[in-house]
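Data first, discussion second: the structure below is written as structure tokens.
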Amino acid sequence: PRVVGVGADAVERAAESALRPHDLTEFVGQTVVREQLQLVLAAARKRGAPADHVLFSGPPGLGKTTLAMIVAAEMGAPLRQSSGPAIQHAGDLAAVLSSLDEGEVLFIDEVHRMARPAEELLYMAMEDFRVDVIVGKGPGATAIPLELPRFTLVGATTRAGLLPAPLRDRFGFTGFLDFYTPAELVQVLRRSALLLGVQLTVEGAEEIGRRSRGTPRIANRLLRRVRDWAQVRGSGIVDRRAARAALEVYEVDERGLDRLDRAVLEALCRRFGGGPVGLSTLAVVVGEEAETVETVAEPFLVREGLLGRTPRGRVALPETWAHLGLTPPRGSAW
Ligand code: ADP
């Protein structure tokens with residue numbers, strides 16, 4: 001059960017926001033997206049107009065929310081935050097849109113999870129800065145046009161492919177965020193250690209960076225867990241020994257795989273003989289939502305060569321068996 005009140009989520013969020021970069025120069029890595037975004041923002045500033053709508057796409061924890069905040073900061077505009085699951089009726093969205101100020105940045109996280117009627121309202125708002133509010137029901141219903149201030153929509157999605165084309169096309173620019181290299185994660189960690197007042201050695205940073213699934217959010221979280229270990233059982237310094245010992249306690253393996261990652265691979269190999277097995281079946285066996293398996297666990301596993309996606313389902317690869325210390329069955333597809 002979830003902790004209520006000041007629960008784990010709230011603590012996590014507070015810790016996270018303390019470490020967020022405030023401008024593009026502080027934002028580590030993603031050089032391509034950074035340059036593209038810099039141009040979009042500089043041009044808008046030069047024109048003295050709100051920036052074009054921007055979409056950020058990529059797995060969780062890679063910096064989409066941070067970039068949305070940076071867009072607002074660089075435009076000197078206030079930021080309004082919402083999310084797809086919170087917008088289930090067109091009316092919810094109309095209320096948010098009509099309360100925006102000129103130039104304001106509206107961030108919609110998980111924009112692919114908005115309800116269809118709200119999505120349609122959003123197309124119009126993005127393109128014409130106008131919405132039709134339907135008043136009444138049945139034959140007597142009338143559409144009242146409502147002018148909106150010019151705003152910038154920043155959308156974030158873990159699955160750009162799921163966005164309907166008309167919505168995708170209305171973003172002037174899409175930034176595709178990719179996993180970070182271990183060297184980039186070391187940079188993220190050094191910056192965070194400085195902000196947290198944690199003593200971090202080069203080897204300590206490398207050890208944590210290598211085991212953070214290419215994800216800054218995870219790197220920052222592991223840094224805090226290793227710091228705990230160092231304070232309680234070590235010398236207070238986050239070095240390689242502290243990192244190795246703490247990550248063992250937290251069940252993060254040599255390649256950075258966490259419990260969910262390993263559960264997926266174990267199920268694939270032990271229950272389904274290496275597949276192919278459908279995503280939904282696999283998700284049921286590991287006790288997670290299919291979307292979580294697909295957007296949280298799989299992108300990294302696929303990139304690491306530990307999982308294959310085929311039209312017939314998910315399959316184990318030679319590295320999968322090796323990583324789990326198992327022998328592939330004779331006559332398996334691989
Ligand atoms: P997302 O919205 O993609 O899930 P966030 O923007 O919330 O990810 O980032 C998660 C955490 O990782 C934040 O605390 C943020 O400070 C940190 N972070 C993400 N990207 C970077 C980066 N490029 N440089 C430094 N820190 C980053």
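Counting convention: from 1, in listed order, for ligands and their atoms alike. All of these numbers come straight from a predicted model, not from anything done at the bench.
For atom 9 (O) of ligand 1, the closest heavy atom belonging to the protein is T66 OG1, 3.6 Å. The nearest protein atom to atom 24 (N) of ligand 1, hydrogens excluded, is given as V28 N, 3.2 Å; this is a heavy-atom distance. For atom 8 (O) of ligand 1, the nearest non-hydrogen atom of the protein is G63 N, 3.1 Å. At the shortest separation from atom 13 (C) of ligand 1 among protein heavy atoms lies E16 CG, 3.6 Å. The closest protein non-hydrogen atom to atom 2 (O) of ligand 1 is T65 OG1, 2.6 Å. Taking atom 27 (C) of ligand 1 as the reference point, the nearest protein heavy-atom neighbour is P216 CB, 3.7 Å. For atom 25 (C) of ligand 1, the closest non-hydrogen atom on the protein side is P21 CG, 3.4 Å. For atom 4 (O) of ligand 1, the closest heavy atom belonging to the protein is G61 N, 2.7 Å.
The existence of a salt bridge linking R262 and D253 is confirmed by a sub-4.0 Å separation between a basic side-chain nitrogen and an acidic carboxylate oxygen. Classification of E147 and R130 as a salt-bridged pair fails, no side-chain N sitting under 4.0 Å from a carboxylate O. Using a 4.0 Å cut-off between a side-chain N of Lys or Arg and a carboxylate O of Asp or Glu, E16 and R221 do not qualify as a salt bridge. A salt bridge is absent between D101 and R80; no separation between the charged side-chain nitrogens and carboxylate oxygens falls under 4.0 Å. With salt bridges taken as basic N to acidic carboxylate O contacts below 4.0 Å, one links R45 and E74. Salt-bridge formation is detected for the pair R211/E207: a Lys NZ or Arg NE/NH1/NH2 atom is positioned less than 4.0 Å from an Asp or Glu carboxylate oxygen.
Here's the thing with R191: none of its N/O atoms is less than 3.5 angstrom from an N/O atom of ligand 1. Checked against a 3.5 angstrom limit, the closest N/O atoms of P59 and ligand 1 fall outside it.
In the vicinity of Y180, heavy-atom distances shorter than 4.0 Å reach the ligand 1 atoms 20 (N), 21 (C), 22 (C), 23 (N). Annotation for ligand 1: atoms under 4.0 Å from non-hydrogen atoms of L19 are 16 (O).
Residue contacts with ligand 1: P60 is included, with a non-hydrogen atom under 4.0 Å away. For the ligand labelled ligand 1, residue A156 lies outside the 4.0 Å heavy-atom shell.
Neither the backbone nor the side chain of F56 has any atom closer than 4.0 Å to an atom of ligand 1 (non-hydrogen atoms only).
Using a 30° and 60° split on the angle between ring planes, H53 and F129 fall in the tilted class, from 30° to 60°.
Of all non-hydrogen atoms in A267 and L282, the two that sit nearest each other are CB-CD1, 4.0 Å.
Looking at H112, E294, E110 one by one, the single match for side-chain hydrogen bond (donor to acceptor under 3.5 Å, both in side chains) with R159 turns out to be E294.
Linking Ile, Leu, Val, Met, Phe, Trp and Tyr whenever their side-chain heavy atoms come within less than 4.5 Å leaves L177 and F171 in two separate clusters.
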